[in-house]
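Here's the structure we're looking at; comments come further down.
Keep in mind that this is a model prediction, so the values were computed, not measured.
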Amino acid sequence: MTDGAMTPALGANYLANPDPDPFDEDEAIAQFRTSYPVLATGLGIVPGYRFEPELTEGYRWGRLYPGGKAAPSTVGVGISERTALRVSSAQARSSVSGASW
């Protein structure tokens, strides 16, 4: 489940919009609009959260913010490149590791 395409679906919901073209800065900026997000139901493995991977290299910051506007009761978590977020049901905390955290 470490595949970037799978990561968003782990939460309660995810943005179903197509990924931005990494070579089109205008398209990436347009994703910050609150009218942008199209939410879909995720797998719910981590209930109450929405994950957005590959924030910087994939020009995906604009997907993180309007998702919070569309579903304010869901916590949006951005995961940068070469970074992992470990969540355990045995503990009430998480830890991050990797080069970009």
Side-chain angles (χ1 to χ4, degrees):
M1 295 190 148
T2 59
D3 183 310
M6 180 61 183
T7 304
L10 296 176
N13 56 47
Y14 66 96
L15 266 65
N17 302 66
D19 289 343
D21 179 345
F23 300 105
D24 187 343
E25 198 171 295
D26 291 333
E27 182 182 342
I29 291 169
Q31 293 186 19
F32 280 92
R33 295 185 185 122
T34 56
S35 61
Y36 172 78
V38 175
L39 292 180
T41 302
L43 296 174
I45 293 173
V46 186
Y49 286 82
R50 178 182 45 266
F51 298 98
E52 195 59 54
E54 302 171 0
L55 290 179
T56 303
E57 293 174 7
Y59 287 87
R60 297 168 68 110
W61 279 100
R63 296 170 61 92
L64 184 62
Y65 294 106
K69 174 78 172 172
S73 63
T74 302
V75 177
V77 177
I79 304 169
S80 192
E81 295 75 12
R82 296 175 300 281
T83 302
L85 173 66
R86 290 184 291 249
V87 179
S88 170
S89 62
Q91 303 178 41
R93 60 183 167 171
S94 62
S95 62
V96 294
S97 63
S100 297
W101 72 278

Open item on the list: Once ring-ring contact (aromatic ring centres under 6.0 Å, His included) is applied, do any residues pair with Tyr59, and if so which ones, sequence neighbours excluded?
Closed with: none

- [ ] Go through the structure and list residues passing side chain to side chain contact (heavy atoms under 4.5 Å, CB included) with Thr56, not counting sequence neighbours.
- [x] Trp61, Ser80, Glu81

- [ ] With the side chain counted from C-beta on, respond yes when Pro53 and Arg60 share a heavy-atom pair under 4.5 Å apart, and no when they do not.
- [x] yes

Task: same_hphob_cluster(Tyr65, Val38) at 4.5 Å side-chain heavy-atom cutoff - done: no

- [ ] Go through the structure and list residues passing side chain to side chain contact (heavy atoms under 4.5 Å, CB included) with Ala71, not counting sequence neighbours.
- [x] Asn13, Leu39, Arg50, Thr74

Open item on the list: Glu25: which residues meet the side chain to side chain contact (heavy atoms under 4.5 Å, CB included) condition with it, sequence neighbours left out?
Closed with: Ile29

Task: Shortest non-hydrogen separation from Gly62 to Pro66 and the atoms involved - done: O-CD, 2.7 Å

TODO: With sequence neighbours excluded, tell me which residues meet side chain to side chain contact (heavy atoms under 4.5 Å, CB included) with Ala40.
DONE: Tyr14, Ala16

Task: Test salt bridge (charged side-chain N to carboxylate O under 4.0 Å, His left out) applied to Arg63 - qualifying residues, sequence neighbours left out - done: Asp19, Glu52

Task: Sole candidate of Val77, Val75, Leu64 that passes side-chain contact (heavy atoms from CB on, under 4.5 Å) when paired with Phe51 - done: Val77

